[in-house]
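Note that the coordinates shown come from a computational prediction; the quantities given were computed from them, not determined experimentally. A note on names: the letters A, B, ... follow the listed sequences, proteins ahead of strands, and every chain is numbered from 1.
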Amino acid sequence: MQNFDFVKPSSVAEAVAALAKSGAQALSGGQTLTPTMKQRLATPDVLVSLTGIAELKGVKQNGGVLWVGAATPHVQVAKEAAAVFAGLAGLAGGIGDPAVRNRGTIGGSIANNDPAACYPSAVLGSGATVITNKRRIAADDYFTGMFSTALAEGEIVTAVEFPIPKRSAYAKFNQPASRFALTGVFVSQATDGSVRVAVTGASNNGVFRWKAAEAALTANFSASALVGLTVDATDMIGDLHGTAAYRANLVKVMTGRAVTSSR
Amino acid sequence: MAKDFGIGAEAKRTEDIRYLTGAGNYTHDVNVHGQAYAVFVRSNMAHARIKSVGAAAAEGMPGVLAVFTGEDFKDVGGNPAGWFIGSRDGSPMKEPKRPVLAHGKVRHVGDAYAAVIAQTYMEAKDAAQAVADASEFEELPAIIDMAQALADSSNRVHDEIADNQCFDWGWIEDNRAKVDAAIKAAPHVTTLELVNNRLIPNAMEPRASIGEFNPGTGDYKLTTTSQNPHLTRLLVAAFVLGIPENKLQVVAPDVGGGFGSKIYHYGEEALVLAAAKKLKKPVKWVAERSESFLSDAHGRDHVTKIELACEKDGTFIAFRTETMANVGAYLSNFSTVTPTFLHGTLMAGPYKVPNVYVNVKTVFTNTAPVDAYRGAGRPEATYSLERVVDQMCRELGLDPFEVRRKNFITTDMFPYTTPAGLAYDVGNYHATLDKAMELADVAGFEARRKAAAAKGKLRGLGLSTWIEACGIAPSNLVGILGARVGLYDAATVRVNPTGNVSVMVGAHSHGQSHETVFAQIISDMFGIPMSSVDIVHGDTAKIPFGMGSYGSRSLAVCGQAMANAADKVIAKGKKIAAHMLEATEAEIVFSDGVFAVSGTNRSKTFGEIAFSAYVPHNYPLATLEPGLEETAFYDPANFTYPAGTYLCEVEVDAETGKVDVCNFTCADDFGNVINPMVVRGQVHGGVVQGIGQALLEHGVYDENGQLLSGSYMDYTMPRADDVPFVTVDHSCITPCSHNKLGVKGCGEAGAIGSPPAVVNAVLDALNRGGHKIAHIDMPLTPSRVWSAMNA
Ligand SMILES: Cc1cc2nc3c(=O)[nH]c(=O)nc-3n(C[C@H](O)[C@H](O)[C@H](O)COP(=O)(O)OP(=O)(O)OC[C@H]3O[C@@H](n4cnc5c(N)ncnc54)[C@H](O)[C@@H]3O)c2cc1C
C-alpha cells in the first residue's frame, strides 16, 4: 500500500467536492478497494470515505419500493429487508463472511460490478433503479460489462430503489475458493406476475438477464417451466473453477433452485 | 501414576495458553534494535535471461541502505540437495546450483533476483518496485508441462541440462525384468493414469527471517521460521555462506505451521545474514502471503501411470508405476528423496504382493521448487495404489473390502520384507480394517444410500488401507540409499538442583504439541508433575543437536533419544541414591519418583537426589560425579510403519457435481499413544489436508508459467464447512518393536490415507449412480465431477 490522505465528509455534497480533486477515490466498505491498494493495483492520493454520511445509509420501505442507501452494509440489508424482500435479504446474508458483511456495502458492490458479485443480479433481476448524486439510472442501463457501469467520473451511487416483488430468491453456487458466485441467479416475480431472471458469475459480459427463462417463468412460475430451455455456453467464463459448459449448466440449475425457493 | 498427566493421559496442551492468548513469540514478533528491512525483487516472468538488474534505480531513494543482486553471491555456495539419487543407467543426478539470488536467468515467477534493504519496510518496498521497473530481461519460453520438458531439448530450465531431467530412477532396478514378465503373464491388468495435484502449503505464519551480526565477536544470529534449526545452520553456514557453525546461532521461535515447507533452507535466510554483516545492522524480512504462494516449496505434482496385475479373484501379482515428478526450477533440500525413497519404497502397501517396480523421472520446470509436504511421497504412493486397487475391483466385480483382506500381510508374517525394499516390523491390517468398518457402520451404508437417492443425491463409500514409513530414519540405511545427512536425533535432560527438569530436544514443535507430550513422558518416567518439566527447543545455542521435525519423526526418534537420556538420569540417580542410602546400586529400585533400597523402607525422593547431585558435600568423587544431566543421541534401527484404514462417505449432487463429505472414519495403528487428544488432533488436521487435496486445493500454472491459483481468491483452502466430523480410533495397537516407547508417529497419516478414500468414495457414488467413470483427477471440483458425468 502507498501513503494516501483520508477524508470523511458528512454530506454527499462534501463528498462530491472532495472527489473532484485529482487522485481522489471513494471508499465505502473497503472490502474491494483496500485489498487492491495493498497489492498496489490502486494507488489513490485521497480516499473519500462515504460511511460517515447519514443520508447514504439505511433500508426504508416506501409503499411498493424498498430504498437502500449506498453505504448500507450487507449485514443491515440482510436483517432489515428480510420481512419484505426475502430474495434481497438472503443474497446480502450470503455475501462473504461476517467481517465482509459488516463492512462491505451495496454501493461499493454495484459501483465495482465484479462479474462474480452478488448484488448486481438483485439490482438487475428485480428491475431496480440506481440513484446517483446526479440522476436515476434503470438497472438495464446501469451494468455495462465486467467491472463497468454507466457511472461517470466522480459520480457516486447514493441509493438503490427496488420495486418490492411478490416473491424472489437468489440461488448462489459458490466459487470454491473465493466463495463469490461461480454462478448466482436472482429470480423475482413482480406484483404484476412478470418475472425477471438475472445471472451473475457466469458470463464474460458480466451480469445479464436470461430472457428465455423470464418468458417461460412468466407463463408458468415453476422450475419445470425451464426443462426445455438450453443456455448457450459461448459467452460463458471458463477458468480453473469451471468450464463454460459447466457454468451454462449452473445457470439453468440455479435458476430452477431460485424459483423453487422463492418467497 | 494417575492418568491426568503421564503417558496415555489426555493432558491439555500447555502451549495452548500462549498460542490462544496472543502471547506466542513468532519471528515477526521479534524486533531487534536498529533493524532494517529487506524486500525481495521477484521475477514476474517464468523464464528469462537477466539483461540487467536495475539496482541503480534504488540508490538515493529514501531510506535505502543497500541493494543486493545475484552478482553479490555468485562466488558463495549453492543451497544443496540433501540426497543423491542415481539414474537407472548409472549416471548421477543433475544438480544445478541453487543460488541465494538468481543470477544469469530467472527460472520461475517469484524467483528473487535482487533484494533491497532500507530503513523502513515501506521504503524497501518502494525501492524494490523501482529496481523491478528498471531491470531488463529477455523473456524465454516457459517450460511448464513435464512431458514436453523431457521431450524438448531446445528449451532448458538450466542451460547445461539438455532434457530438463534431474534423474531417471528405477526401484528396484534389478527386479524390472521379473516384474515386467509377471505382468505380461497375469490374467488381469488394471491400468490407471493419475495426476497427484500440486499443493501449496499455506502455513498460517508466512516465512520470516532476521539476520544479526556482532562485529565485536564475529557471531551471527539467524532467527527464522524453521522446522529444524540445526539443519538450517548446517546448510546456511557450511554450504552457502561459509560461516563457521560455531559462529552462527539459529533460533526458530514459535513457528506457525510448516507442513514440510519450513524444513528447507531458502535464499532469504542467507541474504539477511549477509546483509546484516555488510551493513552491521540487523535485517528483517517477512514474506507477504503472495510471496509465500510463489516462493515456498510446493508439494506433490506427480503424473503417474500405475498398473496392477492380479488373478481373476483379485490376488495381487504386481504393481508397476511410471511417474514424472516435478521438482520445479531448482532442487530444494529434500526434493530428490521425496519422489524416490519416500515414495517408491511404499509401493507394496500393506499387501503381500510379490512384484513391485517403480520408475520415477524428475523434471525441471519453470515453476516453484517442489519438495516434501505433509506425507511427502507416501501420499503419492498410497493414492496410486489405493486408486488402482479400487478400479481393479470395479473391473472384476470384486468387493474392495474382501480384496484388501485377501491381500493383506497377516500378523504371523512379521517381520516382513516387501519387494519394494522395506522391512515392516509389526502390524495388524485386518484389525484396523474391521475397526473402521464397525465405526463407520458399513453395514448400514445401503440404507443411507437409498435415503440419499430419495433426495436426488448419489451416495458412495470409499476405502483406503494405507501404510507409511515414519520415524525418519535409520542413518545406516539412508546413507546407503544416498542421504547426505544422518537422521538420528538428540536430547539433553537436565535436572535442576530443586528437582525441576529442563529438557533440550532436537525436534522442533510448530503445532505438534511436543511441549505437552514430551513433558508427559518425562513426568511419567521421573514421577514428577508435568508442570515441573520444561521442553526447550528451537535454538542451536540451547539444544545439543537435532535434525528437527518432519517425517512423523519427533516422538519416534527424538522422543526416544529423550527417553534414553532420562534413563541415563535414572541410572545416575540410582548411583547417588546408593551413596546416600549406603546401599549398592543394584539394590536401588526407582518408581513413582522414589529411589528406595529394595525390600526396605529406606528411600530418597527424586527431589532429594537432585539436590544432592548439586550439593555433593560428601561424594566419593573418584566414582561419583556431581550433577544430574544426561544427553543421548538416538539413531533408529528401522523406519516405523504406522498403518490403518480410512473410510469416507460422500454425497454427490448430480445436477452440479458438488461433493459433500458426509463422514470420515479413521482406524489407525500408531503403536503406543502418549496423548490420545493430541493424536486425534494430528489426524484431524491431516485428514482435512487430505480432503483439501482430494476436493479443493490445486496449484495451477498456465502455459506461460503464471500461477493462476496464487491467492485465496483461487487457491481453495479447506474450511470448517468443507469437512465432516472425523471419527478417529487408535485402539488397534501393535507397538513398534525397535524403539522402547513402542511408538510409530502420527503426524502425516491423515494426509496420506485420506485422499484415495475420498476419491474412491466419489467414484463409488458415481458408478452406483450409473455413471461408468474409471477416474477423475484431483481436485474433484464440482466442474470436474459434472464434466465427467456429462462427458
Ligand atoms: C473475503 C471477501 C469475500 C467476499 N465475498 C463476496 C461475495 O460472496 N459476493 C459479493 O458480491 N461480494 C463479495 N465480496 C465483496 C464485498 O461484497 C464488497 O463489499 C464489495 O465488493 C465492495 O463494497 P465496498 O463497500 O467494500 O466497496 P469499496 O471496496 O469501498 O469500493 C469498491 C469500489 O467502488 C467504489 N465505490 C464505493 N462506493 C461507491 C459509491 N457509493 N459510488 C461510486 N463508487 C463507489 C470505490 O471507489 C471502489 O472503486 C467479498 C469481499 C471479500 C473481501
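- Annotation: maximal heavy-atom pairing with chain A below 4.5 Å, among B:Thr781, B:Thr656, B:Val700, occurs at B:Thr656.
- Taking OG1 of B:Thr716 as the reference point, atom CZ of A:Arg179 lies at 9.0 Å (rounded to 0.5 Å).
- Atom NE2 of B:His775 has more than 12 neighbouring heavy atoms from other residues, nucleotides or ligands inside a 6.0 Å radius.
- A:His241 places a side-chain heavy atom less than 4.5 Å from the side chain of B:Asp714.
- For CZ of A:Arg167, the number of neighbouring non-hydrogen atoms (other residues, nucleotides, ligands) closer than 6.0 Å is greater than 12.
- With a 4.5 Å cut-off on non-hydrogen atoms, A:Gln39 does not touch chain B at all.
- Most heavy-atom pairs under 4.5 Å with chain A: of the set B:Arg784, B:Arg719, B:Glu697, this distinction falls to B:Arg719.
- More than 12 non-hydrogen atoms from other residues, nucleotides or ligands lie less than 6.0 angstrom from CG of B:Asp721.
- Heavy atoms closer than 4.5 Å to chain A are found nowhere in B:Pro779, neither backbone nor side chain.
- At least one donor-acceptor pair under 3.5 Å links the side chain of A:Gln175 to the backbone N or O of B:Met713.
- Contact detail for B:Ser783 and A:Gly242: the closest heavy-atom pair is OG-CA, 3.2 Å.
- Using a 4.5 Å cut-off between heavy atoms, A:Arg247 makes no contact with chain B at all.
- Between A:Asn249 and B:Glu655 the shortest side-chain heavy-atom distance does not fall below 4.5 Å.
- The structure places CE of A:Met1 at 10.5 Å from NZ of B:Lys125, a figure rounded to the nearest 0.5 Å.
- Contact annotation for B:Asp126: both backbone and side-chain heavy atoms come within less than 4.5 Å of a heavy atom of chain A.
- Put simply, of A:Lys38, A:Arg40, A:Lys252, the one with the most heavy-atom pairs under 4.5 Å next to chain B is A:Arg40.
- Atoms CH2 and OG1, from B:Trp786 and A:Thr243 in turn, are 6.0 Å apart once rounded to the nearest 0.5 Å.
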